[in-house]
Amino acid sequence: MRRKNKLLVASIVSMILIGLGIFGMANEPRYGGTLRVAVNEDPGTLDGQIGTSMTVTGVSLHIYETLFAYDYGYTPIPCLVESVDKKSDGLEVTLHLRQGVLFHNGEELDSGDVVASLHRWGEFGSHGPTLFEYVEDVVAVDEYTVLLTFNEPFGALESMLAYPNGGAFIYLQEVAETAGGKPISPEQAIGTGPYMLDEWMPGKQLKMVKFEEHHGDPAGIGIGYLDEIVYVPVGEAQTRVSGLLTGEFGHIMYTPADYLPQLREDERVKVLDYGYWFNALMMNTQEGLMSNTKMRQAMQAALDMEPILMAGWPGIYELEGTLAVPGSLWYTTAGTERYNQGNPEKAMELAKEAGYSGEAIRFICSGTSETYYNGGLVITDQLRRAGFNVALQLYDWPSIMSRRNDPALWDMFYTSHTVKPDPIFMAENTPYYPCWWSDPRAVSLTDELKTTVGFENRYPLWEQLHRLYYEEAPWVKTGSFRSMITTSNNVMGFEEPRYPPFTDIFTYVWLAEE
Amino acid sequence: MTAYIIKRVLAILPTLFFVLAISFFAVRFIPGDPASVLLGDMATTQQVERLKAELGLDRPVLVQFGKYIVRVFQGDFGQSIIYHLPVGRLIWSRTETTASLAVFTMVIILCLGLPAGVLAAVKPNTLLDQSFLVIVLCGASFPTFWFGLLVMMAFAVALRWFPTSGFVSILGTGNLANLRYLVLPAVTLGFSNSALLARMTRASMLEVLGEDYVSTARSKGLRERTVVLKHAFRNAAIPILTIVLFTFAGLLAGTAITETVFALPGIGLLLVQSVMQRDYPCIQAVMVVVAFLYLFISLVTDITYALLDPRIHYGE
């Protein structure tokens with residue numbers, strides 16, 4: 001009997017150990033497989049330096065690399081750079097490149113590629129000109145060394161070189177030198193990233209395959225476990241959701257919030273919290289009604305944010321006035337006592353002080369995106385109830401982007417932005433972004449942020465700028481919302497994201513065995 | 001007849017030029033431009049203007065049109081601004097999807113619509129006829145968008161009989177099983193269009209069945225099937241043929257809503273995507289192709305009338 005009990009116990013323990021082993025293996029990254037991803041639109045271009053749509057950024061993050069890359073906490077980590085030497089006055093920065101890094105065509109990355117890419121990005125890239133305002137020159141010292149010289153120290157260099165949206169992606173020298181301001185062609189989409197472009201059938205699919213000679217994972221954002229990643233443009237949200245439920249897609253992007261409750265209840269898929277975005281009413285500070293600070297403050301005072309967020313971002317919104325990620329280093333509440341006032345009487349008083357006499361407030365909003373449309377309707381209703389004459393103008397997104405470039409055509413438009421890892425990335429506070437806010441105090445603070453070194457010195461400047469946003473209201477934040485991952489149950493890795501939520505990135509995900 | 005056909009073919013060219021001109025100017029006068037789309041939301045005004053200059057979009061519209069027309073007469077409809085591909089190649093790459101869907105849908109329309117219309121006409125004011133009218137009303141009332149999603153959720157998501165979206169080439173793979181990608185879109189399109197055909201067939205047949213020669217045919221002792229199909233249907237065919245051919249033209253031109261719902265990479269979806277991205281060369285070329293299809297089908301319809309009805313002569 002005793003012997004039988006011993007055998008029984010030994011069998012149970014063995015089974016437990018085997019089960020734990022299997023469980024452990026199931027959580028280990030597994031190589032192989034194809035992930036089909038449904039996106040709402042084709043990327044349109046594969047030029048990550050100048051294209052700023054999130055789909056372009058997403059594809060670019062697989063094909064190309066930057067000199068630095070972010071971890072999930074927005075800390076820039078060396079990626080194509082091995083080490084950095086900075087002169088004490090901050091006017092010279094020497095980048096020592098990793099050696100043996102190959103492009104997808106087999107050529108080795110060298111300083112010529114980096115110099116040419118940075119020059120092109122500095123002139124034509126989305127954020128390049130912000131950095132290059134302070135750059136004297138970028139030269140190759142030797143095959144693997146690049147020297148940047150500055151006319152003033154730049155306080156967020158690594159972050160600027162890591163930022164992916166319109167970022168400093170490194171191209172082949174001959175591509176960067178000949179591209180100019182036009183987007184590069186698909187044939188020129190050759191990078192050093194863990195995936196290379198295999199085929200792009202516009203409107204049908206974009207396929208990337210694993211680059212077997214990738215140099216590794218120095219920045220910790222994944223070396224690519226999947227064999228293939230296939231982006232399929234599926235414009236209709238219900239079709240994307242249906243494809244996820246049937247398993248035709250392993251992952252879908254841009255899922256409207258009202259589908260999330262259904263997906264959360266389905267055992268075939270998972271919905272994961274990824275990070276923050278925020279939405280805001282951008283004001284035309286250059287011309288028209290909103291060039292008057294009191295009118296902008298009136299808009300800020302009038303709005304009760306919760307109904308707006310419930311309409312546009314049900315279940316994923318946060319009533320939060322800060323422009324930084326809560327809990328992050330840059331978190332501040334300076335000025336946020338002006339957030340979410342919901343005071344129509346005060347709004348009308350401010351408007352009267354501004355001399356408002358019932359003119360139509362031209363409010364541009366998307367008619368094709370459910371989130372903005374619903375939120376925009378509630379904003380319009382609230383302002384009209386407060387006594388404002390609002391002319392709601394609904395357009396598709398290309399029309400909005402075109403019309404907002406003409407200050408004679410609008411007073412406010414509604415949009416969303418990612419939370420930026422550093423205040424200098426907030427294009428919204430530059431005189432160039434369509435709200436054209438050129439308050440000398442803001443310009444001065446932003447310039448100081450760029451040229452001040454050390455977080456402890458830069459944070460007080462950010463607090464001042466944050467308070468100024470709320471005092472001057474060049475844009476009115478309506479709230480934050482969570483960016484959600486919607487993926488199949490067998491897609492693993494997103495539980496511990498390794499990259500900030502600019503867009504979904506698959507370099508660190510794998511497919512569990514079904 | 002030959003002279004008539006030649007005259008009609010020659011008349012197509014100025015019509016196509018007119019369509020090209022209209023589409024060229026129309027897209028440039030609606031808000032939005034390809035530079036803004038390419039650069040995205042965070043682009044500054046200066047960056048957009050600079051790219052527009054690089055793309056030649058800052059020149060006067062008439063200058064742009066002149067250069068474009070010169071290239072068109074050389075057979076060059078331009079390159080997609082967004083995709084860097086010749087637009088001809090882009091359109092050709094979408095043709096199989098749209099043509100396959102059009103043919104498949106027409107089979108459904110003819111198999112459902114014609115028999116239903118004939119039966120309803122032969123048995124007017126019966127339960128069969130009333131039921132038919134209800135179905136026709138539903139077909140005409142259901143929005144394609146809504147019906148397509150309903151069909152998708154039932155047969156793709158719940159029953160898993162068919163895929164939800166996409167298309168795999170039948171010609172490229174040689175695999176007829178890929179027709180399964182077209183079943184749900186074809187049913188979506190076929191339901192409403194077969195209802196329309198059935199209604200027209202019923203109306204046309206009722207008119208003909210009341211004619212004296214039909215009564216004569218019956219009194220001669222001919223079988224009812226012969227009376228209906230050989231005598232009545234042939235004479236009712238001309239208006240029915242018009243509906244069939246123009247429905248086919250519409251399907252060949254691409255059905256934007258159905259292709260969007262089912263993510264079918266056809267000509268209709270290409271037009272929608274091009275408009276959303278303000279891809280001017282693509283929009284213009286697709287409009288010309290669509291116009292050509294309608295003009296061609298119109299010519300074929302007229303020729304078919306003459307074949308069906310010996311009383312019809314052209315060019316005399």
Side-chain angles (χ1 to χ4, degrees), chain A residues 38 41-42 44-45 47 50-54 56-57 124 126-127 129 165-166 180-183 185-187 200-205 232-236 238-243 245-246 248-249 368 395-406 409 415-417 427 430 432-434 436, chain B residues 30-51 53-55 80-85 90 93-94 97 145 148-149 152-153 156-158 160 162-167 257 259-266 269-270 272-279 282:
Chain A
E41 60 182 6
D42 252 337
T45 176
D47 193 336
I50 67 173
T52 60
S53 83
M54 284 308 164
V56 175
T57 299
F124 299 107
S126 181
H127 290 282
N165 189 241
K182 277 190 185 178
S185 67
E187 293 72 34
W200 184 18
M201 293 193 284
K204 296 183 185 179
Q205 67 175 31
V232 181
V234 180
E236 173 52 39
Q238 178 63 59
T239 309
R240 295 197 295 277
V241 170
S242 298
L245 294 175
T246 60
E248 288 162 79
F249 300 118
T368 54
Y395 296 100
D396 64 354
W397 200 244
S399 298
I400 291 175
M401 286 198 287
S402 174
R403 287 182 78 81
R404 72 176 194 187
N405 286 331
D406 186 348
L409 297 178
T415 189
S416 295
H417 293 288
T430 70
Y432 312 110
Y433 184 82
W436 303 292
Chain B
I30 59 174
D33 61 84
S36 302
V37 171
L38 279 170
L39 295 179
D41 182 41
M42 301 311 294
T44 64
T45 311
Q46 289 83 350
Q47 288 167 337
V48 170
E49 292 305 316
R50 184 163 54 189
L51 183 56
E54 296 237 7
L55 295 173
S80 163
I81 295 173
I82 305 296
Y83 297 125
H84 296 266
L85 286 174
L90 258 181
S93 73
R94 307 296 188 106
T97 310
F145 182 93
L149 288 175
M152 180 194 298
M153 287 166 72
V157 180
R160 305 284 187 102
F162 302 102
T164 57
S165 60
F167 178 71
I257 293 176
E259 288 181 10
T260 300
V261 168
F262 291 97
L264 288 174
L269 184 57
L270 176 63
V272 169
Q273 289 168 337
S274 300
V275 170
M276 294 301 288
Q277 295 170 323
R278 304 298 193 269
D279 194 346
C282 229

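To find a chain, count down the sequence lines: A is the first, B the second, and so on, and within it residues start at 1.
The candidate with the highest count of non-hydrogen atom pairs below 4.5 Å against chain B, out of A:Glu187, A:Lys182, A:Gln205, is A:Lys182. Contact count against chain B (heavy-atom pairs under 4.5 Å) is highest for A:Ile50 among A:Ile50, A:Ile400, A:Asn165, A:Val56. Chosen from B:Val261, B:Thr260, B:Leu85, the residue pairing most often with chain A at heavy-atom distances under 4.5 Å is B:Val261. Of the residues considered (A:Gly44, A:Pro202, A:Gly203), A:Pro202 shows the highest number of contacts with chain B, using heavy-atom pairs under 4.5 Å. By number of non-hydrogen pairs under 4.5 angstrom with chain B, the leading residue of A:Asp396, A:Thr368, A:Asp47, A:Leu409 is A:Asp396. Note: B:Arg160 leads B:Arg160, B:Met152, B:Glu49, B:Arg94 in heavy-atom pairs under 4.5 Å with chain A.
Only the side chain of A:Phe249 comes within less than 4.5 Å of a heavy atom of chain B; its backbone N, CA, C and O stay farther away. Contact of B:Phe167 with chain A is not made at all, since no heavy-atom distance falls under 4.5 Å. For B:Leu38, the parts lying under 4.5 angstrom from a heavy atom of chain A are both the backbone and the side chain. The contact between A:Asp42 and chain B is made by backbone and side chain atoms together, counting heavy-atom distances below 4.5 Å. Using a 4.5 Å cut-off between heavy atoms, A:Ser416 contacts chain B through its backbone alone, with no side-chain atom that close. At a 4.5 Å heavy-atom cutoff, the contact between A:Arg404 and chain B is made by side-chain atoms alone. Residue A:Val234 touches chain B through both its backbone and its side chain, counting heavy-atom pairs closer than 4.5 Å.
Here the closest non-hydrogen pair linking A:Pro233 and B:Ala263 is O-CB, 4.1 Å. Of all heavy-atom pairs between A:Thr246 and B:Ala156, the closest is CG2-O, 3.5 Å. The minimum heavy-atom distance linking B:Pro265 with A:Lys204 is given by the pair CB-CG, 3.3 Å. Heavy atoms only, all atoms of each residue included: B:Gln47 and A:Ser126 are closest at NE2-O, 3.4 Å. Closest approach of A:Ser242 to B:Val157, counting heavy atoms only: CB-CG2, 3.4 Å. When all heavy atoms of B:His84 and A:Pro183 are compared, the pair lying nearest together is CE1-O, 3.6 Å.
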Can B:Ser165 and A:Arg240 be said to form a side chain to side chain donor-acceptor pair (under 3.5 Å), step by step? CA-CA 9 Å; B:Ser165 60; A:Arg240 295 197 295 277; over 6 Å; no

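Of the possible donor and acceptor atoms, one in the side chain of A:Glu248 sits under 3.5 Å from a partner among the backbone N and O of B:Thr164. Side-chain atoms of A:Ser53 do not come within 3.5 Å of backbone N or O of B:Gly40 as any donor-acceptor pair.
Considering only residues two or more places apart in sequence or on other chains, B:Val48 meets the side-chain contact (heavy atoms from CB on, under 4.5 Å) condition with A:Asn405, B:Asp33, B:Ala35, B:Ser36, B:Leu39, B:Ala43, B:Lys52.
Within the 4.5 Å cutoff, no side-chain heavy atoms of B:Arg278 are placed close to those of A:Ser402.
Summarising the geometry, atom CD belonging to A:Glu41 is positioned 10.0 Å from atom CD belonging to B:Gln273; distances are rounded to the nearest 0.5 Å. Summarising the geometry, atom CE belonging to A:Met201 is positioned 12.0 Å from atom CG belonging to B:Leu90; distances are rounded to the nearest 0.5 Å. The structure places CG of B:Leu149 at 5.5 Å from OG1 of A:Thr239, a figure rounded to the nearest 0.5 Å.
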